[in-house]
Amino acid sequence: MSDMYGKGILKGLGVSLKRFMETYLDDLVWLGRRYNNDKGIAHRSDKDGRGIFTVQYPEEKIPVPEEFRFVPFLVYDEGPNGEKNLRCTSCGICAKVCPPQCIWIVRSTDPVTGRPIPDPAQFYIDADICMNCGLCAEFCPFDAIKMDHNYELSSFKRNVYDEAGLSKSAAYYSAIRPANAKREDSARSAKAASRPAQVE
Amino acid sequence: MNTPAHVQSLDLSARFPGAIHPDTRPGYSGWLVENANLLEYAIALRDEFGYDYLSSITAVDYLPEGKMEVVYHVYKTTGGAGLVFKVQVPRVDPIEVPSLVSIYPGAELQEREAWDLFGIKFTGHPDLRRIFMWEGFAGHPMRKDWHEPYFEEEGKPFKSRWPEGQLVMAESKNLYADNIAYPHGFNPASQTFDSEKALYDSLQIYQKEEIGLDTDHIIVNMGPQHPSTHGVFRVAVVLDGEQIVNLKPVMGYLHRNHEKIGERNTFIMNMPYTDRLDYLASMSNNFGYALAIEKLMNVKPTERSEYIRIIMAEMTRISNHLFLIGTLLNDLGAYFTPMLYALEERELILDIFEAVAGSRMMCNYFRFGGVARDFPEGVLQKIKDLFFERFPRKIEEIDRFLSENEIIRSRGIGQGVLTAEDAIKYSAAGPFLRASGIPYDVRRAEPYSIYDRFEFDVVVRSNGDIYDRLMVRFDEIRQSIRIIQQAVKGLPDGPVMALKPMYQVRVPPGEAYGRVEGPKGELGFYVISNGKPNPWRYHVRAPSFINLTSFGPICIGQKVADLVGVLGSIDIVLGEVDR
Amino acid sequence: MEQNGLNSPEYEIPPELKAQVAITSLDKIYNWGRSASVWPLMFGLACCAIEMICAAASRYDIARFGMEIMRPSPRQSDLMIVSGTVTKKMIPVIVRLYNQMPEPKYVLSMGACASGGGPFKEGYNVVSGVDKFIPVDVYVPGCPPTPQALLNGLMKVQEKIRGEPIKTARWYKKGPDLAEIPVPMLGPDLIDPRKITLIQNGDKN
């Protein structure tokens, strides 16, 4: 058999046939519960996964890991009357560190004294320039801008986001990044506790 | 980087009295050669001192001092540190430097790049045309006094973004709503434009046949839109029936001005841009850049981060080779089946990248002094599962599927041969070089990071044909799995960043060349800093670009159907070729 | 995007008719057939092309949408997925390919670079978005958009196709062919033939 011409091709076809059979066998082993549930999706991405590898978007979505970064968003804390307190103080670090310079910030000034107020008057991000690098979120000292997980952003027009479009609640942030939110919240409360009480 | 110890014993000053002196600028190293003695000096380097491998040629514009400098890096294929030498010429047009193509043929494309972007004429170059920009473009873009129409400031961050950062779209500031400007008095209706003329003129000498029959050779263009998935690459082929007489690659269709933007960025901003060079192997680009800047800053990364870097770099190598196996077999005609099998494994690696770095492809994970963040929960177990159990099994399966296949063997064995001497002459690098019989691997020749602690073999094959290049990559995947297994077993605990995270990095003045063994070859970053927050010069030694120098000579005499196989086995990625 | 009115029919539709949804069954069947078998043009420029290939591979299979036939020839494709940075050297090729595609044709601009220049917008060889030259139907942001985001964009294209009534289809109208775009030329810089008078006059400012 060692000098039969075509042996390599037959070996290759054998591999394809084995994988073909596995797609049916694996479905049978799972008794039809392989699709449209989390366990099935996790099995397909597992080290022992065999059979059909497809995850059928949009009915089945692969859960994104916590560190996943897409476009940024601004975090606001909910006040007692439902008001949105943006954590952003318009320090401008995110605008300075953004590699393609896609963040535009106008810092607000007090109309009476003319001194700057730690609040952005205007905040724009051009998502058609943003390279999703995450440097803005990495270097923000106030945990005010974070990277979102939502990737379903396709639209019929260009994507330039203003402050209103970018703001999402801190509860949403804890839901998408629980470990990071917990660590940052405890760091912030430790820092606030160590500072003497100041006038707000 | 300081002049390495063994080079100081090289008595170049005695051999060439008066013609060369050491480069004594603070933070710089190497030798300065007089323009008139360059050729004699280069021949002596190659023949007497044994530096037979030209790694990189680049140009630097020193506008404040009124000089242009051409920087050369040469190495010995027996291994060891390299030699860097420079030629300085006054910055007055026409700028002329002798060409090294007759001594090191691998200089051909790189000298064309220096002509295109800096305006340095290399006398004696066989075909000095623009390579990235088209013939007829106004100006030499990388010069420091050349500004593009959207130009705002010399260095980022721009003042127009904060604190008075009203949203102004760059298109609204330009008359043509795009990054376009014309010379004064330009009237497009009064002339015709033909940027292809220079290319076809250079191919004309091959077009006439000398035997008695009155035949013509035809020129066929392959690309830039082409089903072979390497990107926007064009080849102008002169054909005699089915046989290739000569061919010239045409690039620049993805020239994204990485180096000019790199000079404007701060050092930390360049890290996500390096992801987009070789976009199939982003961690390895990050690695090279981090090495170069760490040399300048004199910072050593932490132990744990060194192990993490090695694991990530080797996973990137496996992911890149899997993609190559898929696309090469797609090009050879096995259509999509091997690609689906290979990409399935690659998806599992990309899952790990997404969990660790945040993105499947554009990882932006390395920082100066370590890596950006530590592994999250459960990732180390996933890596162990994959590389101790699944991958060794699956690679054997794909190997069994492909390597004895008679069709692949007949299309691969003996086709597209690159001999060992040619490979060194044309500055081939990476698996492309090792498939031709030269066991040069940067991880062994000049070990960086902690590669000297791991046991792995340098994979070499001797024939230099398409089949060997494919098999070299299978073997490299096996060696990478071996390295990852050792690294995972030895992973220490500890911090992953040696420095505090800061976005304004202070880099002392000097130059550094950081090179890594990327999946496609030797990837080098040549960075010059003058103490400011932005680099003065930032150059990428791209392996795919330089490997293409031998593409023409390999294909002469082959059939046109083999051209696709050869191109696939060289493994180019256009983000790197065109930068 | 509203670029030079390239995608609008040559007469004005009254506002009350614009909001009308086409509910004739002929429209539905016609559009169902078209939306279920869109053939993309195999046209990968840069990094986004790799995610497009991954979308066509086994995990995110676009064959489920009828789109696995990626035709290399523009004459046989319906959808041009511009995936990657559009450079000035490449734009004449892109425009020529767009002109060669038969009607009905759609363009999906994938990634930040094709939508608006992306991180390389300031580059001297980069066009700030492919919609400066050809009309774009759907923009998918991201750098690169994950294959799931691309599938979301493709579903939006399908949604757009299903909402197009036959009565207002551009390719059934009589009159001059609105879809042919003049191919740009490469002179001292990129020259758009539609802006020649602007170039000649612009110098006087």
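Keep in mind that what you see is a predicted model, and the values were worked out from it rather than measured. We name chains A, B, ... by the order of the sequence lines, and we start the count at 1 in each one.
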Margin query: Within the supplied structure, the quantity of interest is the number of heavy atoms (other residues, nucleotides, ligands) at a distance under 6.0 Å from F151(B) CZ; does it exceed 12?
Written below: yes

Notebook entry, point to check: How many angstroms lie between CG in L340(B) and CZ in R59(C), if you round to the nearest 0.5 Å?
Noted result: 13.5 Å

Margin query: Please determine whether side-chain contact (heavy atoms from CB on, under 4.5 Å) holds for the pair Q200(C) and F186(B), giving the CA-CA distance in whole Å, both sets of side-chain angles, and the decisive distance to 0.1 Å.
Written below: CA-CA 7 Å; Q200(C) 289 166 332; F186(B) 175 61; over 6 Å; no

Checklist line | Interchain contact, P92(C) with chain B, by part (heavy-atom threshold 4.5 Å) | finding: neither

Item checked: Minimum side-chain heavy-atom gap I199(C)-Y176(B) below 4.5 Å -> yes

Next item on the list: Check whether L97(C) gets within reach of chain B through its side chain, its backbone, both or neither, counting any heavy atom under 4.5 Å.
Entry: side chain

Margin query: Is it true that, when you exclude K173(B) itself, more than 12 heavy atoms of the residues, nucleotides or ligands shown sit nearer than 6.0 Å to its NZ?
Written below: yes

Check: What part of V127(C) is in contact with chain B, defined as an atom under 4.5 angstrom from a non-hydrogen atom: side chain, backbone, both or neither?
Finding: both

Notebook entry, point to check: At a heavy-atom separation under 4.5 Å, does A49(C) approach chain B through its side chain, its backbone, both, or neither?
Noted result: neither

Next item on the list: Measure the spacing between NZ of K132(C) and CD of E171(B) and express it to the nearest 0.5 Å.
Entry: 4.0 Å

Checklist line | Interface moiety of L41(C) toward chain B, non-hydrogen atoms closer than 4.5 Å | finding: side chain

Notebook entry, point to check: Can you find a pair of side-chain heavy atoms, one from P72(C) and one from H226(B), that are under 4.5 Å apart?
Noted result: no

Margin query: Is it the case that the side chain of T87(C) and the backbone of H255(B) share a donor-acceptor pair, with hydrogens and angles ignored and the cut-off at 3.5 Å?
Written below: no

Check: NZ of K89(C) to CG of D578(B): how many Å apart, nearest 0.5 Å?
Finding: 7.5 Å

Next item on the list: Test Y150(B) against Y124(C) for side-chain contact (heavy atoms from CB on, under 4.5 Å), laying out the working first.
Entry: CA-CA 8 Å; Y150(B) 276 172; Y124(C) 47 83; over 6 Å; no

Next item on the list: Kindly compute the distance separating CG (N125(C)) from CZ (R256(B)), expressed to the nearest 0.5 Å.
Entry: 11.0 Å

Notebook entry, point to check: Does some side-chain heavy atom of P144(C) sit less than 4.5 Å from a side-chain heavy atom of R360(B)?
Noted result: no

Margin query: If you count heavy-atom pairs within less than 4.5 Å of chain C, which of M169(B), Q225(B), E148(B) leads?
Written below: Q225(B)

Next item on the list: Measure the CD1-OH distance between I50(C) and Y279(B) for me, rounded to the nearest 0.5 Å.
Entry: 5.5 Å

Item checked: Choice from G139(B), S359(B), A181(B), G575(B) maximising heavy atom contacts with chain C below 4.5 Å -> A181(B)

Next item on the list: Apply side-chain contact (heavy atoms from CB on, under 4.5 Å) to I53(C) and F323(B), showing your working.
Entry: CA-CA 10 Å; I53(C) 294 173; F323(B) 197 80; 4.0 Å; yes

Notebook entry, point to check: Got F120(C) and N257(B) here, is their nearest side-chain heavy-atom distance under 4.5 Å?
Noted result: no

Next item on the list: To the nearest 0.5 Å, tell me how far L190(C) CG sits from Y182(B) OH.
Entry: 6.0 Å

